[in-house]
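Reading through the structure tokens given below for one structure.
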Amino acid sequence: MIKLYIDWISQPSRAVKAVLDILKVPHEVKALKIQFDEHKSPEFTAIHPLQQLPLLQDGDFTVAESHNIMRYIIKQRNISTNLYPLTDIRQQTRIDQYLDYHHTNTRRCLHLYHSVLISPIKGEKVIPEVLEKEKQDVAKVFQYFENNWLKGRNYICGDQATLADISACCEMMQLDLIKFDFQKYPITNAWLNRVIRIPEVYQAHHVAFKIIKKQNPSSQFLK
């Protein structure tokens, strides 16, 4: 059986977990906690020297990088799905275009989350100018979603959710831990509510929601 190594607080980990569940691919979850450096253990390092999560083991074959893992599962098992349609090269290209964009744009949400929540816990100094730049970077990401990715569409690549939406949703949801005002961006907020309500996506956030209940009890996403 496939083994999936994840940290439930890791955005890319949640995205991969949600996709495997949506596709009903049997797998065993191996949960590690980055907070406690469990991904740096000799046992995990022997499997993946880069010590990054998520990671998938399919027999004797190891697959790293969240977007790569998602595509691998669909291609390797020849799964027919709107998440990444194997017979539609143009839709694949649209999805891949967003997934490439994600790493250097939407992923910036992580920096703001870290500065606001994690750095104070670790006793790390937060430089005001850097924090302000991170806020501006995140604002640009949301504005681009409002004016481009979601303009005239229900989802990033059309009328159905794809890998792009799941990856982006899991990334942005991290900001709910720091009480980010999603409602300043009504189009993106409405889209986010659509994606997070996909049962498998919501379930992948079950650990994150426990923290959100403490950090942001008035969150619009809590059931």
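These numbers were taken from a predicted model, which means no experiment stands behind them. These values consider heavy atoms only, across backbone and side chains, with no hydrogens, waters or symmetry-generated copies.
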**Item:** Over 12 foreign heavy atoms within 6.0 Å of CD, Gln76
**Value:** yes
Would you say CD1 of Ile127 has more than 12 non-hydrogen atoms from neighbouring residues, nucleotides or ligands within 6.0 angstrom? no
Smallest heavy-atom separation, Leu177 atom then Gln215 atom, equals O-CB, 3.5 Å
**Asked** Do Lys33 and His39 meet the criterion of a side-chain donor-acceptor pair at a distance under 3.5 Å?
**Response** no
Sorted by chain and number, sequence neighbours left out, side chain to side chain donor-acceptor pair (under 3.5 Å) with His114 holds for Ser119
Would you say Ile34 ends up clustered with Ile178 if hydrophobic residues are merged whenever their side chains have heavy atoms under 4.5 Å apart, either directly or through other cluster members? no
Just so I know, are the side chains of Met172 and Val141 near enough to count as touching, which here means a heavy-atom distance under 4.5 Å? yes
### Message
Quick one, Trp8 with His205, criterion ring pair (Phe, Tyr, Trp, His ring centres under 6.0 Å). Give me CA distance, side-chain angles, the key distance, then yes/no.
### Response
CA-CA 7 Å; Trp8 288 109; His205 287 76; 9.6 Å; no
Tightest non-hydrogen contact, residues Leu163 and Leu99, listed as O-CD2, 4.1 Å
Hits for side chain to side chain donor-acceptor pair (under 3.5 Å) against Glu171, two or more places apart or cross-chain, chain-then-number order -> Gln11, Arg107
Report task. Can you label the angle between the Phe142 ring and the Phe182 ring as parallel, tilted or perpendicular, going by 30° and 60°? Result -> tilted
Q) Do Thr62 and Leu56 come close enough that some side-chain heavy atom pair is under 4.5 Å? A) no
Is there a chain of hydrophobic side chains (I, L, V, M, F, W, Y, each step under 4.5 Å between heavy atoms) that links Leu83 to Ile89? no
Under 3.5 Å, is there a donor-acceptor pair between the Gln220 and Asn189 side chains? yes
Review point. Under 3.5 Å, is there a donor-acceptor pair linking the side chains of Gln203 and Arg14?
Key: no
- Would you say Tyr84 and Met70 make side-chain contact, with heavy atoms under 4.5 Å? no
- Task: For the residue pair Pro54 and Ile69, establish whether any side-chain heavy-atom pair is separated by less than 4.5 Å.
- Result: yes
Practice prompt. Can you label the angle between the Trp149 ring and the Tyr101 ring as parallel, tilted or perpendicular, going by 30° and 60°?
Written response: perpendicular
Is any side-chain heavy atom of Lys135 less than 4.5 Å from a side-chain heavy atom of Leu112?
-> yes
Heavy-atom nearest pair, Lys214 first then Pro217, reads O-CD, 3.9 Å
Exercise. Verify whether the ring centers belonging to Phe61 and Tyr72 lie closer than 6.0 Å.
Key: yes
Nearest heavy-atom approach of Leu86 to Gln92 is O-NE2, 3.1 Å
Heavy atoms of Ala161 and Ile198 approach each other most closely as CB-CD1, 4.1 Å
Practice prompt. Determine, stepwise, if the pair Phe221 / Phe209 fulfils ring pair (Phe, Tyr, Trp, His ring centres under 6.0 Å).
Written response: CA-CA 9 Å; Phe221 303 110; Phe209 279 132; 7.5 Å; no
Does atom CG of Asp181 have more than 12 heavy-atom neighbours, drawn from other residues, nucleotides or ligands, at distances under 6.0 Å?
yes
Will you find, in the side chains of Thr106 and Tyr98, an N or O donor that is under 3.5 Å from an N or O acceptor?
-> yes
(message) Between Arg94 and Gln97, do the side chains contain a donor N or O and an acceptor N or O under 3.5 Å apart?
(response) no
Under a 4.5 Å cut-off applied to non-hydrogen side-chain atoms, are His27 and Asp21 in contact? yes
### Query
Is it the case that Ser219 and Asp176 place a side-chain donor and acceptor less than 3.5 Å from each other?
yes
Using only heavy-atom distances, determine whether the side chains of His67 and His103 contain a donor-acceptor pair under 3.5 Å. yes
Determine, for Tyr155 and Arg194, whether the Lys NZ or Arg CZ falls below 6.0 Å from the six-membered ring centre while staying within 45 degrees of the axis.
yes
### Task
Answer yes if the ring centres of Phe44 and Tyr5 are under 6.0 angstrom apart, and no otherwise.
yes
Practice prompt. Using a cut-off of 6.0 Å, state whether more than 12 heavy atoms not belonging to Glu65 lie near its atom CD.
Written response: no
For this session: Is it possible for you to say whether Ile22 and Val195 belong to one hydrophobic cluster, with membership spreading through side-chain heavy-atom contacts below 4.5 Å?
Result: yes
In short, Glu38 meets Ala31 closest at the heavy-atom pair OE1-O, 4.3 Å
- Query: Side chains of Ile79 and Val25: closer than 4.5 Å at any heavy-atom pair?
  - Reply: yes
When rounded to the nearest 0.5 Å, the distance separating CG of Leu4 from CG of Leu55 is 8.5 Å
Test item: Ser66 and Leu53 side chains (from C-beta on) under 4.5 Å apart, heavy atoms = no
In this structure, CD1 of Ile212 is separated from NZ of Lys210 (nearest 0.5 Å) by 12.5 Å
